[in-house]
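Heads up: the structure comes next, in structure tokens.
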Amino acid sequence: MSAADLHGADLRTLSAALAARQVSSRELVQQCLQRIGQHAALGAFLHVADEAALAAADAADAARAAGDTRPLLGVPLAHKDVFVTRDMPATAASRMLDGYLSPFDATVVARLGAGADGVTGAGMVTLGKTNMDEFAMGSANENSAFGVVRNPWDTAAIPGGSSGGSAAAVAARLVPAATGTDTGGSIRQPAAMCGVTGIKPTYGLCSRYGMIAFASSLDQAGPIAQTAYDCALLLQHMAGFDPRDATSVDRPLPDLVAALDAPLPGASAAKPLAGLRIGLPREYFGDGLATEVGNAVRDALREFERLGATLVDVSLPRTELSIPAYYIIAPAEASSNLSRYDGVRYGHRTAHYRDLAEMYGKSRAEGFGAEVKRRIMIGTYVLSHGYYDAYYLQAQKIRRLIADDFRAAFGQCDLIAGPVSPTVAWNLGDKADPLANYLADIYTLSASLAGLPGMSLPCGFGQADHARRPVGLQLIGPHFAEARLLHAAHQFQQATDWHRRVPAL
Ligand code: GLN
């Protein structure tokens with residue numbers, strides 16, 4: 001077998017091929033680098049590691065030859081540019097951080113790669129850093145300071161955001177897997193629009209240490225890959241307690257890979273999901289959902305029924321309020337987090353200034369893009385003395401009510417299912433109005449506000465001139481139900497082939 005035979009193979013296959021010595025890490029890395037170069041026009045990468053990746057591949061091959069059997073050793077991977085990395089720049093797609101080099105690796109990067117003090121790494125090889133919306137603010141990847149990302153299925157379309165580069169890179173088979181982050185949908189939504197699988201774990205499962213902060217009470221890392229199986233494999237390594245993140249959760253992680261095929265009580269080979277109750281929130285299937293998306297999602301739900309699951313109606317009455325609540329809380333936290341970019345401690349510093357005030361002002365004016373400035377202003381406003389009670393405090397109360405809605409719904413079901421996005425990917429440039437972008441987050445924000453795990457899996461395509469635009473199904477679980485989510489998604493993928501479809505590039 002050669003690396004060419006393994007083109008487009010998933011992580012699980014690559015791991016097996018490496019273990020069987022059918023291919024070397026160097027060959028796999030070379031092939032990925034070549035494809036990344038061929039498809040540079042997608043704009044998926046902000047930095048490609050080249051020589052460093054080849055050196056890491058050689059080290060992985062040498063370790064394997066010496067008896068190292070770590071399953072992901074030498075498997076190539078890309079990181080969203082929101083993770084800081086010791087050997088490559090980290091910009092969060094902002095001019096503010098252009099050329100920034102971190103003295104350390106983010107915990108997630110260390111866990112998947114070379115490790116760090118006290119943490120064994122999985123030994124994966126980092127190919128580079130993927131494009132994103134500036135500071136992860138966006139749903140279309142049009143807010144990057146370094147150019148848009150194109151959807152590999154249809155290059156006139158957006159890839160979704162903010163982890164658009166990661167999703168596009170996996171969909172185009174430039175890399176077998178990539179990391180993402182999700183504050184209000186940024187893993188799930190680009191995964192849906194690019195036809196790949198992604199999971200946002202429970203808040204606190206993956207360390208935020210070394211993740212450039214957007215809204216700290218919501219930010220969560222997760223994997224984007226071809227399959228639920230691969231996501232389980234990656235998440236198993238990414239997750240884990242980290243004393244350097246105060247909101248990191250200290251609890252034992254179940255074996256997510258073993259759980260994929262572990263039979264549920266009452267299940268059989270023909271009905272692997274027998275006994276599983278899937279709740280369908282009535283608010284997720286009403287006005288505003290494009291017919292083509294609704295159709296694909298309903299077809300997928302019928303497949304879940306064939307697999308033995310029971311569909312039950314549930315209600316999440318505060319869904320609509322998730323948009324105003326999120327777009328108050330997230331900018332409020334962002335305005336505080338981004339105050340560190342003052343041109344002194346961090347970030348771009350303007351070339352000419354008369355005094356300190358002008359230096360701050362000009363540095364920030366030049367360093368931040370329009371969407372980031374908009375959010376800093378909104379955030380500063382809602383936190384200001386006169387408006388704190390009217391906006392920020394109200395939004396926090398709504399956040400609690402949204403979490404209560406989920407708690408009530410999970411009294412009636414084990415998982416919740418619905419669309420990820422109300423529409424398929426739209427055309428680049430089509431949604432100039434920021435509000436129109438915010439509204440597209442209606443199905444992803446509430447799980448984020450409640451800290452719940454959510455995932456997106458490919459379940460079909462749009463219709464007519466959207467026939468090449470993927471549709472994603474969202475599954476949401478109770479806190480720490482990642483194993484249940486991944487199990488259900490894996491069983492669905494054993495019975496369907498949406499996740500095997502590839503764009504004609
Ligand atoms: N689209 C949402 C926003 O613009 C969510 C982004 C994210 O999850 N990082 O804030």
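First listed ligand is number 1; within each ligand, the first listed atom is number 1. These numbers come from a predicted model, not from an experiment. Both backbone and side-chain heavy atoms feed into the values below; hydrogens, waters and symmetry mates do not.
Close approach to Asp182 involves these atoms of ligand 1, each under 4.0 Å from a residue heavy atom: 8 (O). Close contacts between ligand 1 and Phe214 involve ligand atoms 9 (N), 10 (O) [criterion: under 4.0 Å to a heavy atom]. Annotation for ligand 1: atoms under 4.0 Å from non-hydrogen atoms of Ser162 are 9 (N).
When each of Thr130, Thr179, Asn131, Thr181 is paired with Lys80, the side-chain hydrogen bond (donor to acceptor under 3.5 Å, both in side chains) condition holds for Thr181 and for no other. With Arg188 as reference, Ser448 is the one residue of Ser163, Ser421, Ser448, Ser456 to meet the side-chain hydrogen bond (donor to acceptor under 3.5 Å, both in side chains) rule. Partner Phe135 forms a side chain to side chain contact (heavy atoms under 4.5 Å, CB included) with one of Asn143, Asn337, Leu97 and no other, that one being Leu97.
Counting only N and O atoms by type, the side chains of Ser139 and Asn437 include no donor and acceptor under 3.5 Å apart. Counting only N and O atoms by type, the side chains of Ser315 and Glu283 include a donor and acceptor under 3.5 Å apart. Checking Ser248 against Asp242 by side-chain atom types alone, no donor-acceptor pair falls below 3.5 Å.
Nearest protein heavy-atom neighbour of atom 3 (C) of ligand 1: Tyr327 OH, 3.2 Å. Protein heavy atom in closest approach to atom 5 (C) of ligand 1: Tyr326 OH, 3.3 Å. Regarding atom 2 (C) of ligand 1, its nearest protein heavy-atom neighbour is Asp441 OD2, 3.2 Å.
At a 3.5 angstrom cut-off on N or O pairs, Thr181 does not count as close to ligand 1. Checked against a 3.5 angstrom limit, the closest N/O atoms of Gly185 and ligand 1 fall inside it. Of the polar atoms of Gly138, at least one N or O is found under 3.5 Å from an N or O of ligand 1, judged by distance alone. Checking only distances, Ala136 does come within under 3.5 Å of ligand 1, N or O to N or O.
Relative orientation of the Tyr326 and Phe214 rings is perpendicular, given thresholds of 30° and 60° on the angle between their planes. Between Tyr391 and Tyr387, the angle of the ring planes lies from 30° to 60°, which puts this pair in the tilted group. Between Tyr443 and Tyr284, the angle of the ring planes lies from 30° to 60°, which puts this pair in the tilted group.
A salt bridge between Asp154 and Arg469 is present, with a side-chain N of the basic residue lying under 4.0 Å from a carboxylate O of the acidic one.
Selection from Gly184, Gly161, Gly180 by nearest heavy atom to atom 8 (O) of ligand 1 gives Gly184. Considering each of Ala330, Gly160, Ser163, Ser186, the one bringing a non-hydrogen atom nearest atom 7 (C) of ligand 1 is Ser186. For atom 4 (O) of ligand 1, the choice among Lys80, Glu371, Arg375, Met132 with the nearest heavy atom turns out to be Arg375.
Residue contacts with ligand 1 for Lys200 are absent, since no atom lies close enough (heavy atoms, distance under 4.0 Å).
Using a 4.0 Å cutoff on heavy atoms, Tyr438 does not count as a contact of ligand 1.
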